[in-house]
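Atom set for the values below is all heavy atoms of this structure, side chains included, hydrogens, waters and symmetry mates excluded.
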Amino acid sequence: MKTILSIIGTRPNFIKIAPVYRAFLKYAPEVKHLLCHTGQHSDDKMSKVFFDDLGIPAPDFHLGDNSGSHAEQTGKIMVAIEKVLGEVKPDLLIVVGDVNSTMACALTAVKMHIPVAHIEAGLRSGDRSMPEEINRIITDSISDLLFITEKSGLENLEREGIPHEKVFFTGNVMIDSLVYLREKIAASTILQTTGLKEKDYFLVTFHRPSNVDNQHSLQELIRFLNEISAMKEVVFPIHPRTLRKIAEFGLGDTVSSNVRMIEPLGYLDFQSLISKAFMIVTDSGGIQEETTFLGVPCVTVRDNTERPVTVEVGTNILCGSDTGIVLQTIRAAVAGNIKKGTIPELWDGKAAERIAEIIVHKL
Ligand code: UD1
Ligand code: UDP
């Protein structure tokens, strides 16, 4: 029997691991697949709701509450996962995405001579001021198996000297979740409960430190949201980091009553809101991919993206962080200038099955 341990710690991790969890069930009991939650995200609305919505079991291990500064969070997770790895002695550790939990656990495992597989490897924004870019570079450089979602990953990893035998273009596990849960998403009643009108609202999310950690940037962003709320309703499920910063800078009263700030939503309701929105305005990584898959216009308020395929073939418009330019782009869309797109290669709902097959073959 072989044992695989998968790491989950943040909202997007749960969504990416759910199809991987299902794919390994096919190989049980010869392959035992365990889940470890690092506790990076701990609010029910950032964690528990996803286990319920995605149909994944409670994790086999939980490392406790691991919030804090980058060093604190990374250090605490490394100390805690070392104990679990020592106990479980997995034949392989799986990490997903680019968050601190990903890098901390991969680094701990390789030093214990435990092989590491990285799902969603190879993405690069080229912007080393983003914590995620550092996490991606470190994780990819020490991983034994690298599964990529789009072809830009092949070039990025080749440029960094990663041997091509380690790299597999398998598609996008985040899209696997969307495909698998299509019917449940369609059954969500969030539009009725919020009273929003189909294709007549902007869905907004912001949580990047470059947008929300600086008072001036956050003030600009709120001014911009107030302005677009005069065109169409704005619904803003708010990330805990952003909520905390709005309170810290005393900006709560500056948000127009036309901007509907609500708590973070569960997976099914949020996907339903994406699919029925006029447009998404975001700085999220995963939402750039989901909107491309669903063919919904997306404006990304960042200067770069690690997911270029969403701009090249998808519906994503990379606007930069100048809210004046973002506003022009949105006005053009409201006037009828809508970007159309196609679905990237291998975003077909079967990425996790391909990944599991390769892993089982290599174990
Ligand atoms: C993290 C990831 C980011 C990812 C995002 C997904 C890193 C460096 N960043 O950013 O790449 O896009 O998750 O959402 O790993 N908080 C709570 N409760 C929670 C979660 C967060 O209160 O359940 C608050 C805490 O004040 C915490 C802060 O948000 O200190 C930041 O959380 P953290 O996980 O460090 O970073 P994110 O901004 O969530
Ligand atoms: N998401 C959600 N509820 C929300 C906001 C986002 O379910 O209120 C989903 C979103 O559709 C995507 C994932 O969470 O699947 C992305 O998480 P986030 O934007 O926090 O992280 P990133 O992808 O930027 O790392």
Has the side chain of [X] got a donor or acceptor atom that lies under 3.5 Å from a matching backbone atom of [Y]?
X: Lys339; Y: Val311; value: yes
X: Thr139; Y: Asn135; value: yes
X: Lys199; Y: Ala277; value: yes
X: Lys362; Y: Leu145; value: no
X: Asp176; Y: Lys350; value: yes
X: Glu72; Y: Ser69; value: yes
X: Thr323; Y: Val326; value: no

Under 4.5 Å side-chain linkage, directly or through intermediates, the cluster mates of Val88: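 Members besides Val88, by chain and number: Leu5, Ile7, Leu34, Phe61, Leu63, Ile77, Met78, Ile81, Val84, Leu85, Leu93, Val95, Met103, Leu107, Val110, Met112, Ile114, Val116, Ile134, Ile138, Ile142.
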Measuring only between side-chain heavy atoms, which start at C-beta, is [X] closer than 4.5 Å to [Y]?
X: Ile17; Y: Phe50; value: no
X: Ile148; Y: Phe168; value: no
X: Met279; Y: Ile330; value: yes
X: Phe147; Y: Val96; value: no
X: Leu346; Y: Thr170; value: no
X: Gln271; Y: Leu294; value: yes
X: Leu123; Y: Asn156; value: no
X: His33; Y: Tyr21; value: yes

Thinking salt bridges, do [X] and [Y] make one under a 4.0 Å N-O criterion?
X: Glu132; Y: Arg208; result: yes
X: Glu120; Y: Arg307; result: yes
X: Glu220; Y: Arg223; result: yes
X: Arg302; Y: Asp127; result: no
X: Arg136; Y: Asp140; result: no
X: Arg124; Y: Glu306; result: no
X: Lys151; Y: Glu312; result: no

Donor-acceptor side-chain pairing of [X] and [Y] below 3.5 angstrom:
X: His37; Y: Ser47; answer: yes
X: Gln73; Y: Asn66; answer: no
X: Asn258; Y: Asn226; answer: no
X: Asn172; Y: Thr149; answer: no
X: Ser321; Y: Asp303; answer: yes
X: Ser217; Y: Asn211; answer: no
X: Thr108; Y: Glu82; answer: no
X: Thr282; Y: Gln288; answer: no
X: Gln40; Y: Thr10; answer: no
X: Thr38; Y: Ser101; answer: yes

Could you tell me the separation between the [atom1] atom of [X] and the [atom2] atom of [Y], rounded to the nearest 0.5 Å?
X: Leu243; Y: Glu248; atom1: CG; atom2: CD; result: 11.5 Å
X: Cys105; Y: Ile8; atom1: SG; atom2: CD1; result: 10.5 Å
X: Glu353; Y: Phe24; atom1: CD; atom2: CZ; result: 11.5 Å
X: Thr242; Y: Phe206; atom1: OG1; atom2: CZ; result: 9.0 Å
X: Lys232; Y: Ser229; atom1: NZ; atom2: OG; result: 12.5 Å
X: Ile280; Y: Thr300; atom1: CD1; atom2: OG1; result: 10.0 Å

For [X], is the [atom1] atom crowded, meaning more than 12 foreign heavy atoms sit under 6.0 Å from it?
X: Glu165; atom1: CD; value: yes
X: Glu158; atom1: CD; value: no
X: Tyr27; atom1: OH; value: yes
X: Lys184; atom1: NZ; value: no
X: Glu160; atom1: CD; value: yes

Step through it carefully: locate the ring centre of Phe278, locate the ring centre of Tyr201, and say whether they are under 6.0 Å apart.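 Phe278 vs Tyr201: aromatic centres not under 6.0 Å.
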Show, in sequence, the C-alpha distance, side-chain angles and deciding distance for Asp200 and Glu233, and conclude whether the side-chain contact (heavy atoms from CB on, under 4.5 Å) test is met. CA-CA 7 Å; Asp200 204 22; Glu233 274 209 81; over 6 Å; no
Pair Glu263-Lys45, salt bridge (Lys or Arg N to Asp or Glu O under 4.0 Å): steps then yes or no: CA-CA 8 Å; Glu263 290 192 303; Lys45 295 219 154 57; 3.1 Å; yes
Could you walk me through whether Met261 and Ile246 pass the side-chain contact (heavy atoms from CB on, under 4.5 Å) test, one step at a time? CA-CA 12 Å; Met261 290 211 289; Ile246 289 177; 4.2 Å; yes
Go through it in stages, so that I can follow the logic: the residues are Met231 and Leu327, the test is side-chain contact (heavy atoms from CB on, under 4.5 Å), and I'd like the CA-CA distance, side-chain angles, deciding distance and then a yes or no. CA-CA 11 Å; Met231 290 184 241; Leu327 201 56; 4.1 Å; yes
Apply side-chain contact (heavy atoms from CB on, under 4.5 Å) to the pair Val296 and Thr315, showing each step before the final yes or no. CA-CA 6 Å; Val296 175; Thr315 53; 5.6 Å; no
